[in-house]
Number of protein chains: 2
Amino acid sequence: MGAERQDATDEYGMPIIPAPGDAAARKRQAIIDAALAEFLAEGYSAASMDVITNRSGVSKATIYKHFGSKERLFLAVVSGVLPKTYADLTPPARALADAPDVRTALVRHTTELARILLRPEIMLLRRLVIGEIDRFPQLGQLWYLVTYDMNNGPLVEMLTDLTAKGELHVPDPKLAVQQLVACTVGIPQLVHTFAPATPVDDSELASTIGSGVDLFLARYGRPPGWHGPA
Amino acid sequence: MGAERQDATDEYGMPIIPAPGDAAARKRQAIIDAALAEFLAEGYSAASMDVITNRSGVSKATIYKHFGSKERLFLAVVSGVLPKTYADLTPPARALADAPDVRTALVRHTTELARILLRPEIMLLRRLVIGEIDRFPQLGQLWYLVTYDMNNGPLVEMLTDLTAKGELHVPDPKLAVQQLVACTVGIPQLVHTFAPATPVDDSELASTIGSGVDLFLARYGRPPGWHGPA
DNA sequence: GTCTATACGGAGATAGAC
DNA sequence: GTCTATCTCCGTATAGAC
């Protein structure tokens with residue numbers, strides 16, 4: 001029932017012998033994995049510590065030794081996943097350096113961002129966090145901080161630099177980044193927030209994002225016919 | 001404790017005698033009110049039917065006679081509130097007729113929309129619905145339908161008309177409406193989704209919305225210097 | 001239709017042996 | 001550190017009297 005408490009074997013049938021000192025750490029990870037699955041599936045309140053206990057293969061007492069309470073377990077699990085969410089994202093400055101022009105860089109970056117944020121597991125996590133914001137305000141703060149560090153902040157810097165170079169005209173970079181994200185990723189994200197079952201249509205996503213970037217550049221881009229500093 | 005089961009009096013101390021046939025309807029309403037408060041405060045799973053029972057002043061058996069189950073009660077309560085949310089919204093066509101120009105009309109409309117959607121109770125309801133979407137997919141559909149009927153649909157019509165008249169150039173009105181909403185209301189809405197305690201700053205809201213509408217018009221508006229059909 | 005009283009299961013958390 | 005066994009409370013839902 002529980003899990004591999006002993007006689008665990010790998011894919012070749014060889015017994016897995018955990019390094020002695022890692023036993024506690026491995027159990028801790030097993031708890032986190034089981035808890036994440038249960039919380040994502042049931043939400044915080046409906047999630048059962050009994051289910052997490054059985055799935056993780058450790059005893060309930062061990063879970064409470066490690067995490068103290070259901071609330072603390074929830075916070076530990078969710079806050080661990082959040083930063084990993086954005087780890088795959090290429091820093092905007094690099095995307096800009098690798099692209100032939102600003103529009104291409106913006107399209108590539110927002111597309112990559114959308115691919116990450118629209119992953120079903122991330123959308124699930126996002127809905128979970130939003131639904132529990134009133135119970136766990138720390139999660140809202142964490143979500144904001146991670147988003148800002150990994151995406152908005154770097155984009156603000158990039159827009160500021162491009163404005164200094166004369167390639168864009170962005171008077172309020174912080175607001176502009178919010179607008180850019182809202183007009184591109186924000187649109188499919190909103191749809192999938194309320195209709196999780198909707199599949200992601202690649203060509204539709206590309207055209208939505210392209211249109212959003214064009215909207216952004218119509219306001220903040222250099223005028224047409226402009227080809228560099230005079 | 002319970003509520004006004006008998007000897008209930010109005011503000012002048014006069015006894016309130018419910019019309020005989022309305023007794024059931026009045027209890028039904030008391031249940032709905034108590035349930036909404038409890039669901040908004042605790043979320044679906046953590047909400048207690050015992051608490052709803054006590055606050056509504058009727059017995060638990062009566063609640064189950066009326067609604068059958070906790071799930072059905074939840075759906076009845078939430079779906080009843082949703083349409084009322086948008087009832088205060090002026091139809092976009094009227095806002096346009098009453099405004100001196102398109103920009104003013106768009107600013108007024110999105111501002112009014114923001115005022116409604118940013119009300120703390122509505123934000124609370126929205127977080128609740130999002131958090132329970134996987135358990136109650138019907139609510140996502142309902143939310144989408146109400147939003148579309150009361151806001152997006154009429155706006156699409158309006159943009160289509162304005163394009164026909166030559167006052168705007170909107171090739172894809174459905175997408176444009178999503179962009180307009182995302183660039184204006186969507187920005188403070190996102191902030192308040194993750195940071196509910198943040199108060200609404202009127203001047204900041206106005207400047208955000210103004211900037212969003214300008215962004216929209218930079219792409220879809222008539223070119224500057226243009227003063228009516230030739 | 002409405003009430004009181006209760007059935008029945010599962011929740012989170014812990015005591016104490018090892 | 002980890003387990004087994006258990007405590008205590010509260011959950012939804014219903015039976016039966018009025």
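The chains referred to below are lettered A, B, ... by the order of the sequence lines, with proteins before strands, and numbering in each begins at 1. Every heavy atom of this structure was used, including side-chain atoms; hydrogens, water molecules and symmetry mates were not.
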Participant: Distance check needed: D/dC10 C1' versus B/Ile52 CD1, whole Å only.
Facilitator: 14 Å
Participant: Provide a list of protein-nucleic acid N or O atom pairs under 3.5 angstrom, restricted to nucleotides 16-18 of chain D.
Facilitator:
none

Participant: B/Ile187: which residues meet the side chain to side chain contact (heavy atoms under 4.5 Å, CB included) condition with it, sequence neighbours left out?
Facilitator: A/Leu175, A/Gln178, A/Gln179, A/Ala182, B/Thr208
Participant: Among B/Asp161, B/Val170, B/Val177, find the residue that satisfies the side-chain contact (heavy atoms from CB on, under 4.5 Å) test when tested with B/Val156.
Facilitator: B/Val177
Participant: Which whole-number value in Å describes the distance from B/Arg26 CZ to C/dT2 C1'?
Facilitator: 15 Å
Participant: Sequence neighbours left out, what passes side-chain hydrogen bond (donor to acceptor under 3.5 Å, both in side chains) with A/Thr62? Give chain and number order.
Facilitator: A/Ser59
Participant: Between B/His66 and C/dG1, is there a contact of a side-chain N or O with OP1 or OP2 at under 4.0 Å?
Facilitator: no
Participant: Please determine if a side-chain N or O atom of B/Thr62 lies less than 4.0 Å away from the OP1 or OP2 oxygen of C/dT2.
Facilitator: no
Participant: Taking only residues at least two apart or on different chains, which pairs with a member in residues 53-77 of chain A satisfy ring pair (Phe, Tyr, Trp, His ring centres under 6.0 Å)?
Facilitator: A/Phe39-A/Phe74, A/Tyr44-A/Phe74, A/Phe74-A/Phe136
Participant: Restricting to side-chain hydrogen bond (donor to acceptor under 3.5 Å, both in side chains), what partner residues turn up for B/Asp50, sequence neighbours left out?
Facilitator: B/Lys60
Participant: Mind checking side-chain hydrogen bond (donor to acceptor under 3.5 Å, both in side chains) for B/Asp98 and listing every partner two or more places apart, or none if nothing turns up?
Facilitator: none
Participant: Going by the rule side-chain hydrogen bond (donor to acceptor under 3.5 Å, both in side chains), which residues pair with B/Glu112 if we only count those two or more places apart in sequence or in a different chain?
Facilitator: B/Thr90
Participant: When you compare the protein's N or O atoms with those of nucleotides 11-13 of chain D, which come within less than 3.5 Å of each other, and at what distance?
Facilitator:
residue, atom, partner, partner atom, Å
D/dG11, OP1, B/Ser48, OG, 3.1
D/dG11, OP2, B/Asp50, OD2, 3.2
D/dT12, OP1, B/Ala47, O, 3.1
D/dT12, OP1, B/Met49, N, 3.4
D/dT12, OP1, B/Lys70, NZ, 2.9
D/dT12, OP2, B/Met49, N, 2.8
D/dA13, OP2, B/Tyr64, OH, 2.7
D/dA13, OP2, B/Lys70, N, 3.0
D/dA13, N6, B/Lys60, NZ, 3.2

Participant: Could you check how far CZ of A/Phe67 sits from P of C/dG12, rounded to whole Å?
Facilitator: 15 Å
Participant: The criterion is ring-ring contact (aromatic ring centres under 6.0 Å, His included); which residues satisfy it with B/Tyr86, sequence neighbours excluded?
Facilitator: none
